[in-house]
Visitor: 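My structure is below; once you've seen it, I'll send some questions.
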Protein chains: 2
Amino acid sequence: MHADQPVRNGRAKRLPREVRERQIMDAAVDVFSRLGFHAASMDEISEVAGISKPMLYAYLGSKEELFATCIRRESNRMIEAIATGVEADQPPDVQLWSGLRAFFGFVGENRASWQVLHRQASSQGGPFAAELADMRGRAIALVATLLVHSADSQDVPRAGDKEAESLAAALVGAGESLADWWLDNPAEPAGVVAARLMNLVWMGFGDLVAGNVWHPPSRRS
Amino acid sequence: MHADQPVRNGRAKRLPREVRERQIMDAAVDVFSRLGFHAASMDEISEVAGISKPMLYAYLGSKEELFATCIRRESNRMIEAIATGVEADQPPDVQLWSGLRAFFGFVGENRASWQVLHRQASSQGGPFAAELADMRGRAIALVATLLVHSADSQDVPRAGDKEAESLAAALVGAGESLADWWLDNPAEPAGVVAARLMNLVWMGFGDLVAGNVWHPPSRRS
DNA sequence: CGGTAAGACTACTGGCGAGTAGGTTAGGCG
DNA sequence: CGCCTAACCTACTCGCCAGTAGTCTTACCG
């Protein structure tokens, strides 16, 4: 799980600033994800990063700045992973399906990132919540747009934007929480978990208990 | 929101232990919910409670014990509120609907409790997470049972228990996250938010975008 | 109208962790 | 080869906060 920074015994090899900053950020994400913002100490982060504390301050500023930087970096990585996985010219259900797969794929391969983003950042108040709300807002807006278009393509009177937005919030929330659950019950592959959520939100319990399931249009079965 | 403990100027009136403990717990929930576990100080809690710090320690033990006690008390209150709202002899969708209404009703009237339970407790590791996992587990089990019965009552080959459990987890998660969203967007009454989630999980987006909605059997329209 | 124990307080310690002052090496460039 | 600067370090300060020692006070019981 942790990249093993060979335990510091003496002075660290000299490195260009850019490389060190990456090392430090990686260490910070690791430590923050394991201990949480408050319990994480700058001493421990510097140790994991393989350098001394003043370097930390010289490069990334205060503890709060460091944390905010982590959040920004990880949330960008995640948004990008999802955006890459979705093709805009597909029908709504397929877009949703691709998005979910990309999301669970990312979480599965970046558990530390997810811990920092979801569990830690959202429980500290202050500027961090804003950072997070931003990412979350982008995701919600994306889903809401999907829903509105999807309703437009049918001959149905469109529900209010507000309604679409809160449904989108529920879906995003369901995804977040299912991801948390998955981390505690990691027996199954990402695709299976994604498929479950897809069925839940697209078909609903009403259909599921009646035996109707959703499946990707290209497959049969 | 805060019960106004008239600002301590002198010595507090003498009170029986039981009453003081309640006051202290109320204060603790309030402070923990506003500041989080780490940022909350025992000094502040004692001040809000209207007593001095040694009393806090005399009655509720260490900070961690106090926090754990808060979680237990609030989670019991919540489980009870939901259990009271659901009647076991109703059809599955009605049971689900009652449960959701009770849940959002509770959150709306006990925002501090919810903050402590969901946001704070889940982000501290250690014994707290276990406490929480217990409550969450009870909720998930309840929903899972509902789903399984509901499938049984149709003529459908039952899906695996594992599948039902993860769907239940997704639903519980959706509820939690929608509750969070609601706290940040408190414009609407609890019933409306509950109805949204009910529609999402029972009908699914697939039906919703086609204009089909779920409504309680007793009403029309 | 004492005596006493539970209720309450003031005022401290001890440790941890954020942030810093000031000194030490190593690589690069003339 | 020497010097200069960026990278790096050791070793502190200082404030905050969990937890405690020791004292006072008031309600109640006889």
Side-chain angles (χ1 to χ4, degrees), chain A residues 5-28 30-32 34-70 120 124-128, chain B residues 5-28 30-32 34-70 120 124-128:
Chain A
Q5 313 304 46
V7 186
R8 274 169 60 55
N9 32 11
R11 177 170 280 247
K13 184 103 188 279
R14 206 158 160 166
L15 286 178
R17 179 174 187 135
E18 200 183 334
V19 176
R20 265 287 130 83
E21 278 187 358
R22 269 197 50 153
Q23 283 186 5
I24 295 176
M25 294 285 293
D26 291 344
D30 177 48
V31 173
F32 281 135
R34 281 186 290 115
L35 303 180
F37 176 71
H38 271 284
S41 74
M42 295 298 263
D43 285 284
E44 174 146 6
I45 293 174
S46 68
E47 191 180 343
V48 171
I51 55 156
S52 67
K53 203 157 45 138
M55 292 304 300
L56 206 50
Y57 282 90
Y59 282 174
L60 277 312
S62 73
K63 189 183 184 184
E64 297 206 343
E65 288 177 79
L66 173 59
F67 189 56
T69 307
C70 287
Q120 295 313 321
Q124 318 304 118
F128 311 136
Chain B
Q5 313 304 49
V7 186
R8 274 172 58 55
N9 31 11
R11 175 170 280 246
K13 185 97 187 284
R14 205 159 160 171
L15 285 179
R17 181 174 185 134
E18 201 182 333
V19 177
R20 267 287 130 81
E21 278 187 356
R22 270 198 49 155
Q23 284 186 3
I24 296 176
M25 295 283 294
D26 291 344
D30 176 49
V31 174
F32 280 135
R34 281 186 291 113
L35 304 180
F37 176 72
H38 271 283
S41 75
M42 294 299 261
D43 285 284
E44 173 145 7
I45 293 174
S46 67
E47 191 179 344
V48 171
I51 54 154
S52 66
K53 201 156 47 138
M55 292 304 300
L56 206 50
Y57 282 90
Y59 283 172
L60 278 311
S62 73
K63 189 183 184 183
E64 296 206 342
E65 288 177 78
L66 173 60
F67 189 56
T69 307
C70 286
Q120 296 312 320
Q124 316 305 118
F128 310 136

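As the structure is a computational prediction, the values presented were derived from the model and not from experiment. Just so it is clear: chains get the letters A, B, ... in the order the sequence lines come, proteins before strands, and each one is counted from 1.
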Visitor: Could you walk me through whether Leu60(A) and Glu21(A) pass the side-chain contact (heavy atoms from CB on, under 4.5 Å) check?
Guide: CA-CA 8 Å; Leu60(A) 277 312; Glu21(A) 278 187 358; 4.2 Å; yes
Visitor: Atom pairs under 3.5 Å, N or O on each side, protein against nucleotides 26-30 of chain C: can you list them with distances?
Guide:
from	atom 1	to	atom 2	distance (Å)
dA26(C)	O4'	Arg14(A)	NH1	3.3
dA26(C)	N3	Arg14(A)	NH1	2.5

Visitor: Return the nearest nucleotide to the side chain of Arg17(A); candidates are dA7(D), dC9(C), dG17(C).
Guide: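 Output: dA7(D).
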Visitor: Nearest whole angstrom, please: distance from the C1' of dG7(C) to the CD of Glu21(B).
Guide: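 From Glu21(B) CD to dG7(C) C1': 13 Å.
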Visitor: From C-beta outward on Asp43(A), which listed nucleotide comes closest to its side chain: dA18(C), dC17(D), dC9(C)?
Guide: dA18(C)
Visitor: Roughly how many Å is it from CE in Met42(A) to P in dT20(C), rounded to a whole number?
Guide: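 Nearest whole value for this atom pair: 10 Å.
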Visitor: About how many Å separate CG of Leu56(A) and CZ of Arg20(A), when rounded to the nearest 0.5 Å?
Guide: 11.5 Å
Visitor: Do you know which two heavy atoms are closest between Gly50(B) and Ala12(B), and how far apart they sit?
Guide: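 In terms of heavy atoms, the two residues are closest at O-CB, 3.6 Å.
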Visitor: For the residue pair His38(A) and Phe37(B), establish whether any side-chain heavy-atom pair is separated by less than 4.5 Å.
Guide: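 The answer is no, as the side chains (C-beta and beyond) never meet within the 4.5 Å cut-off.
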Visitor: Nearest whole Å is fine: how far is dG17(C) P from Leu66(A) CG?
Guide: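 Computing the Leu66(A):CG to dG17(C):P distance gives 16 Å.
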Visitor: Just by distance, do the side chain of Glu44(B) and the backbone of Ser41(B) share a donor-acceptor pair under 3.5 Å?
Guide: no
Visitor: To the nearest Å, give me how far apart CD (Glu47(B)) and C1' (dA8(C)) are.
Guide: 16 Å
Visitor: Among the candidates dG19(D), dT10(C), dC9(D), find the nucleotide nearest to the side-chain atoms of Met55(A).
Guide: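 Nearest nucleotide to the side chain: dC9(D).
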Visitor: How long is the line joining CG of Leu56(A) and C1' of dT10(D), in whole Å?
Guide: 16 Å
Visitor: Give the rounded distance in Å between these two atoms: CG of Leu35(A) and P of dC16(C).
Guide: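 The distance from CG of Leu35(A) to P of dC16(C) comes to 15 Å, rounded to the nearest Å.
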Visitor: Picking from dG19(D), dA18(C), dC8(D), which would you name as closest to the side chain of Lys53(A)?
Guide: dA18(C)
Visitor: So, taking the atom named CG in Leu66(B) and the one named CE in Met42(B), what distance separates them when rounded to the nearest 0.5 Å?
Guide: 5.0 Å
Visitor: For Pro16(A) and for Gly61(B), find the nucleotide of DNA chain D with the closest heavy atom, then tell me which residue's nucleotide is more 5'.
Guide: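 Looking at the nearest nucleotide for each, Pro16(A) comes out on the 5' side.
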Visitor: Answer with base, sugar-phosphate or nothing: what part of the nucleic acid does Ala40(B) contact at a heavy-atom distance below 4.0 Å?
Guide: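 Sugar-phosphate: the residue Ala40(B), judged by heavy atoms under 4.0 Å, touches backbone atoms but no base.
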Visitor: Could you work out, with salt bridge (charged side-chain N to carboxylate O under 4.0 Å, His left out) as the rule, every residue matching Lys53(B), not counting sequence neighbours?
Guide: Asp43(B)
Visitor: Would you please classify the geometry between the Phe67(A) ring and the Phe128(A) ring as parallel, tilted or perpendicular, with 30° and 60° separating the classes?
Guide: perpendicular
Visitor: Crowded around Arg22(A) CZ? As in, over 12 foreign heavy atoms under 6.0 Å?
Guide: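 Counting other residues, nucleotides and ligands, CZ of Arg22(A) stays at 12 neighbours or fewer.
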Visitor: Check every atom of dC9(C), dA18(D), dC9(D) against the side chain of Ile51(B) and return the nucleotide holding the closest atom.
Guide: dC9(C)
Visitor: Check for me whether Lys63(B) meets the cation-pi criterion with Phe32(B), that is, NZ or CZ under 6.0 Å from the six-membered ring centre and within 45 degrees of the ring axis.
Guide: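 Ring-cation test returns no.
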Visitor: Measure the distance from CZ on Phe67(A) to P on dA18(C) and round it to the nearest whole Å.
Guide: 13 Å
Visitor: Tell me which nucleotide among dT10(C), dT20(C), dC9(D) gets nearest to the side chain of Tyr57(A).
Guide: dT20(C)
Visitor: Whole Å only: how far is the NE2 atom of His38(B) from the C1' atom of dA18(C)?
Guide: 15 Å
Visitor: Just the atom pairs and distances: protein N or O near nucleotides 1-3 of chain D's N or O, under 3.5 Å.
Guide:
none

Visitor: Counting distance alone, no hydrogens or angles: does the base of dG19(C) have a donor or acceptor under 3.5 Å from a partner atom on the side chain of Lys63(A)?
Guide: no
